[in-house]
Structures are given as C-alpha cells and as structure tokens.
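For reference, the structure is listed below as structure tokens.
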Amino acid sequence: MTTKDRAPALGADGWFTTGDDPHLIGSRCDACGTYAFPKRSGWCPSPACRGTELIDTPLSRRGRIWSYTDAQYQPPAPFVCPPDAFEPFAIAAVELEAEGLVVLGQLVPGVGVNDVKVGDEVELAIGVLFADDTREHLVWQWRPTGGTR
Amino acid sequence: MSTDDVVVLGAGMHPWGKWGRNFVEYGLAAARTALDDAGVEWSDIDFVSGSSTMRNGYPGYVAGATFAQALGWTGCRVASSYAACASGATAIEAARMRILAGRSDVALVVGADTTPKGFLAPNAGDRPDDPDWLRFRLGGITNPSYFALYARRRMDVFGDTDEDFAAVKVKNARHGLGNPNARYRAETSVEEVLASPMVANPLRLLEICATSDGGAALVLCSADYARSHGVIDPVRVAAVSTVTPTYPNTIIEMPNLATDSSAVATAPERPFKASIAHAAYEEAGVGPEDLDVAEVYDLSCALELDWYEDIGLCAPGDAAKLIRNGDTMIGGRIPVNPSGGLACFGEAVPAQAIAQVCEVTWQLRGQAAGRQVDGAKVGITANQGLFGHGSSVLLVR
Ligand SMILES: [Zn+2]
C-alpha cells in the first residue's frame, strides 16, 4: 500500500504548519502590530495605519470557544464529499486572546455540539478535509483540551 | 412635509413563492403594481434603479436596464446596484440621492429574483481567493452555520431557549396569515417547530428561512412632485442607512473565516449590526422609543432576537423577554415583522429590502389589511448584506 501525499487543501496553502504543534499562520502588521487571518499582503487592514509590511506570523495554538454549531446536512459544492459518505460535523468559532481574532473551523471528528460550551478551551489540530486517490487534503480543526472557563 | 423630503408615492409586490419563472416577470408585475398605486405612468419615470440578482445571468447583473427594457425603453436614466441582501436599500438610496440632488422628480426602484432550492451556494468554479468559496470548501460552513453560531451564543451567554426561538416562528406565522404576498400562510406551534429536523444546531428546518421567488417595487418622488399629484400626507423616507462596518469588526460574519483583530485597535462602540440602525436614527433625528413598527431580517428565528437588540428595542441579552411578553406581536408594545417576515416569505435577495419598505409603507398608510399595526406613524426596516453592506430605511408619516 502506498502512502498518499498530504498537503493543505486548495485555498489553504500556507495557512498552517503541520507537525506536533501545528499553528495557523496569520499576518501581523510591522507598523501597528494588528493581526489578520487569513493572512494579508500589501496593505494593513486598519484604517488608522498605512503599513504595507505584513509579516507571516504563527497564531496562538489555543483559544476559547466563542460559539459552535454543526452541519446535519451535506453542504453544497465547493464542499467536497465522497458519494453517500457524509457524516455530520461540528463547527466552532474560537477566540484567540493575544491576537484579538475569532477564527472559524471544524471541530475534530467525533466531537459534537453536546461536548462543548461557550468559553471552553480548544487547541489547533490538523486533519483531513477529504481524500482522493492520491492525496489527503488537509485543513485546520479545533480539538477541546478539557479546559472550561 | 419639508421640500427636501423624498416620499414613497407607490408600492407594489409580486407574491413570493417558488414559481420557477423568469425573474423579470416578477419585477415587471411589481413595478406595474407600484406605478398604479402611485398613479404614475411609466413614461413619467425619469430614473429606474434596479436591485441586481447574481443567479440569473447577465440580465440579473444589469437589473435596472433589464426592467427598463421590459417596461419599454423611454430614455430614462438607469442604475443597477448589488449589495447582497442590502441590494434593495442601495437601489433605494441611489434613487433618493438623485431626487434629493434635484436631478430626478420621480423614480422607480425594482428588485426581483428566481432562486434555486436549498442552501444558497457560491457561484461555480474554483475561486480560492473568494472568502465565499473558501468557507464552503474548507469548512462546509453554510449560511445557516453563521445563524446557528449567533443562536447558540445567545443560549450559552443569555440563557435563551429553543422555545424562545420557536416562539418567533409562531408569531411570524400568525402575522403572515392574512398577507396576500406571503408564500407560507399557515399557523404553526412551538411543538411543531421543535419537531422539525435539526439543520445547524440549535436551529431547525422551520427556524431557517427558505429561498423564494418574488419581486418588489417602489415609486419614490420629491415632496413637490407628490404635492402636484395631490398627495399631501405621504409616507416619507426619513433616512436610509447603507453603512459599512468600522474596524475592527469583532463579530464573525458571513462569509468570513475570521473577524478583524482587536489586539491593537479598540472595538467600536457599536457592533456592525447595531451601527446600521443607529445611523438611520441619527439621520432621521428619531430614536427607537419613537418606533411603532419594525421589519427586520429574520434569516433565522434567533436572528430576529439579535435585531431587537441591534435596533434598540431592548438592551443586549433582553430580546427573549420581548418575545415571551408578546411585546413584538401585533397588538404588543412594538410589533416586529407584521408582514410575517422572512419566516412567511422566504428570501428573494434583491427584492427583500424593497419588500420591507413596501410593508412599512402600507403599515403607515393604514392599508395592511389583516395585519395592521394600529396608528403606526414611524417604522424602520433593518437588514445586512454579505461582506459588510448595512441596510436600514426609516419611514415616517
Ligand atoms: Zn498596521
């Protein structure tokens, strides 16, 4: 059996690191210090800043759940799902305190809406969004750490 | 009535439904109804303002010209506006500004749509630079996902319940019973709503608005033009708010995957949705305490409760008390969505903000048979378009 390639899903190239302690990669304005995710280039998103140097920067691995939901029905394309293989999944919006960002993402498989509450701590994980014959398409996910507020 | 007022001379709609016909047909029917209501000939209209649709090919993008051609070319000025759910308000504002500038006397605003079944999905093709494509591809995050995030946060932070959300549907279903333009006209119960299938926890099928076909139109004119037509006490457009968010926008918003950062810049005094109505109140010189009626964008039942707070009917966190007390029922302190709202209409994107203004116009004229808010003199509409388009119209009689 051959091992499939693993690579970020189309659109998420350069958005996260993999390995034991994965991070999302955002950008930080060199002039004012504000953050953005997905990362930006060219100009700072703050109207009070004329910065043009936006530097790739790893974001906090841990955050707290701002809110959460799930998808009980298969979303439409461009969501990719093998025929008849749809499994409901959960989604969380996660507050990263240091960056002042709330970032959406799926919760890791097996974690549902009954397993989390607003304020719970989660950490970043890298999972498989979908796989085809040759490749696993990777995406960031959130995994509860067991910490509550 | 001051000479620099813009007034609503006519309002008209094509009933909402799933008719499966060309959107131009609905727009044309709504336009003719509005022109008849105004007592104005199409040939007298000097500006046509189209609210565009993205799901009907090129004729939808250039909606203003499409409707002008369908009504018969007259050489009048034209504009077409796209601002997602806020398209109608943007088209209204284009007409209002021409009238206020003295460049037009009487304008026609039209929006209509034919929509597919099910979830609204992005346009076809791989577009990894488009946030609307990315959220579906990377997260399977649909429009109901965002509505559900707001709903769940209400439950965990404010203690709202499933029954509170269902009660909004029950109220709106009752309001819409007598509305001839509504698509769904049937009473429902909290039990029936809660028994419908879960779509995006905590929201169930009957708590999320459908997509519909429909058309709505307005004839707007100057105060002088109305007077010359013998209309002395018309509904006036006291404000149109088309504001954008203020950085940093710290509430996660469709179709984005993240908020702006509040690490350096302080979050604005009002979140985006609250700033939409606030700008309308400021422009009109009235406040939420002056309102008699409101039409808000109940894409989900829980989102209607968010709007209660965002248009200033109560403090943040208190909206569920209003629905529990019956305050927002017709006959209550401040009726919301007497038309039946999106719960009874389903969403016809480019027509919806115009339809909200049609309803408030009929309410202020005392013509909302079967759903009339007694003595209504001041009304507001509120909604929000994808990517940061505010939409609120304040009407006074
Ligand atoms: Zn900056």
Side-chain angles (χ1 to χ4, degrees), chain A residues 8-13 15 24 26 28-29 32-38 45-49 65-81 86 88-106 112-114 117-119 129 137 139-140, chain B residues 116 118-157 197-205 246-253 256-267:
Chain A
L10 178 65
D13 237 342
W15 286 24
L24 289 173
R28 185 171 180 277
C29 174
C32 75
T34 203
Y35 292 86
F37 180 82
S46 169
C49 178
I65 291 182
W66 183 85
S67 193
Y68 54 98
T69 181
D70 61 10
Q72 292 289 334
Y73 291 87
Q74 184 177 325
F79 182 77
V80 178
C81 185
F86 178 71
F89 58 89
I91 296 164
V94 175
E95 285 184 278
L96 306 181
E97 191 178 356
E99 293 84 3
L101 293 167
V102 174
V103 180
L104 286 179
Q106 294 184 359
V113 291
N114 295 324
K117 279 284 170 205
V118 168
L129 179 63
H137 300 261
V139 75
W140 75 96
Chain B
F119 290 121
L120 287 180
N123 294 329
D126 282 345
R127 287 190 320 286
D129 293 333
D130 178 352
D132 199 38
W133 185 90
L134 286 165
R135 52 123 170 184
F136 281 95
R137 179 60 157 248
L138 298 179
I141 300 168
T142 61
N143 295 8
S145 305
Y146 290 88
F147 313 151
L149 290 169
Y150 306 141
R152 172 54 65 181
R153 189 164 166 87
R154 291 197 69 85
M155 297 177 98
D156 278 19
V157 175
M198 191 69 84
V199 174
N201 188 290
L203 297 177
R204 296 164 169 86
L205 189 62
T246 297
Y247 187 85
N249 187 3
T250 57
I251 308 288
I252 186 76
E253 233 166 68
N256 298 329
L257 287 168
T259 61
D260 292 335
S261 163
S262 59
V264 176
T266 313

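We use all heavy atoms of the structure for the numbers below, so side chains are in, but hydrogens, waters and symmetry mates are not. Order of the sequence lines sets the chain letters (A, B, ...), proteins ahead of strands, with each chain counted from 1.
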Task: Rounded distance (nearest 0.5 Å) linking atom CH2 of A:W15 with atom CG of B:L134 - done: 4.5 Å
- [ ] Under 4.5 Å heavy-atom distance to chain B, tell me which part of A:W140 shows up: side chain, backbone, both or neither.
- [x] side chain
Open item on the list: For a 4.5 angstrom cut-off between non-hydrogen side-chain atoms, does B:Y146 reach A:I91?
Closed with: no
TODO: Name the member of B:V264, B:T246, B:N201 that forms the most heavy-atom pairs with chain A at distances under 4.5 Å.
DONE: B:N201
Task: For the student: nearest non-hydrogen atoms of B:G140 and A:Q106, plus distance - done: N-NE2, 4.2 Å
Task: Which of A:G11, A:A92, A:S46 touches chain B most, by non-hydrogen pairs under 4.5 Å - done: A:S46
Task: Spacing of B:I252 atom CD1 and A:E95 atom CD [to the nearest 0.5 Å] - done: 11.0 Å
- [ ] Answer yes or no: is there a side-chain heavy-atom contact under 4.5 Å between A:P76 and B:T142?
- [x] yes
Task: Contacting moiety of A:A77, where chain B heavy atoms sit under 4.5 Å - done: backbone
Task: For B:G139 against A:F89, the heavy-atom pair lying closest together - done: O-CE1, 3.2 Å
Task: Distance (rounded to the nearest 0.5 Å) between A:D70 CG and B:R152 CZ - done: 9.0 Å
Open item on the list: Using every non-hydrogen atom in the two residues, find where B:A263 and A:A98 come nearest and quote the distance to one decimal.
Closed with: CB-O, 3.6 Å
TODO: Please state whether the side chain, the backbone, both or neither of B:D130 comes within less than 4.5 Å of a heavy atom of chain A.
DONE: neither
Open item on the list: Only pairs of heavy atoms separated by less than 4.5 Å count here; which of A:G33, A:P45, A:A12, A:A93 has the most with chain B?
Closed with: A:P45
Task: Heavy-atom contact with chain B under 4.5 Å, split by part of A:V113 - done: side chain
Open item on the list: Testing the basics here: between A:K117 and B:D156, what is the closest heavy-atom pair and its distance to 0.1 Å?
Closed with: CD-OD2, 3.4 Å
TODO: Would you name the heavy atoms of A:L129 and B:L138 that are closest together and state the gap between them?
DONE: CD1-O, 3.6 Å
Open item on the list: Within the structure provided, determine whether B:L149 and A:L104 are in side-chain contact (heavy-atom separation under 4.5 Å).
Closed with: yes
TODO: Compare all side-chain heavy atoms of A:W66 with those of B:T250 and state whether any distance is below 4.5 angstrom.
DONE: no
- [ ] May I ask you to check whether B:Y247 and A:T34 show a side-chain donor-acceptor distance below 3.5 Å?
- [x] yes
Open item on the list: For a 4.5 angstrom cut-off between non-hydrogen side-chain atoms, does A:Y73 reach B:P197?
Closed with: yes
Task: Heavy-atom contact with chain B under 4.5 Å, split by part of A:V139 - done: side chain
- [ ] May I ask you to name which of A:G119, A:A71, A:P47, A:A9 has the most heavy-atom pairs under 4.5 Å with chain B?
- [x] A:P47
Task: N/O donor-acceptor pair under 3.5 Å between B:T259 side chain and A:V102 backbone - done: yes
Task: Shortest non-hydrogen contact between B:R153 and A:S67, atoms and distance - done: N-OG, 3.3 Å
Task: Structural part of B:L203 lying under 4.5 Å from a heavy atom of chain A - done: neither
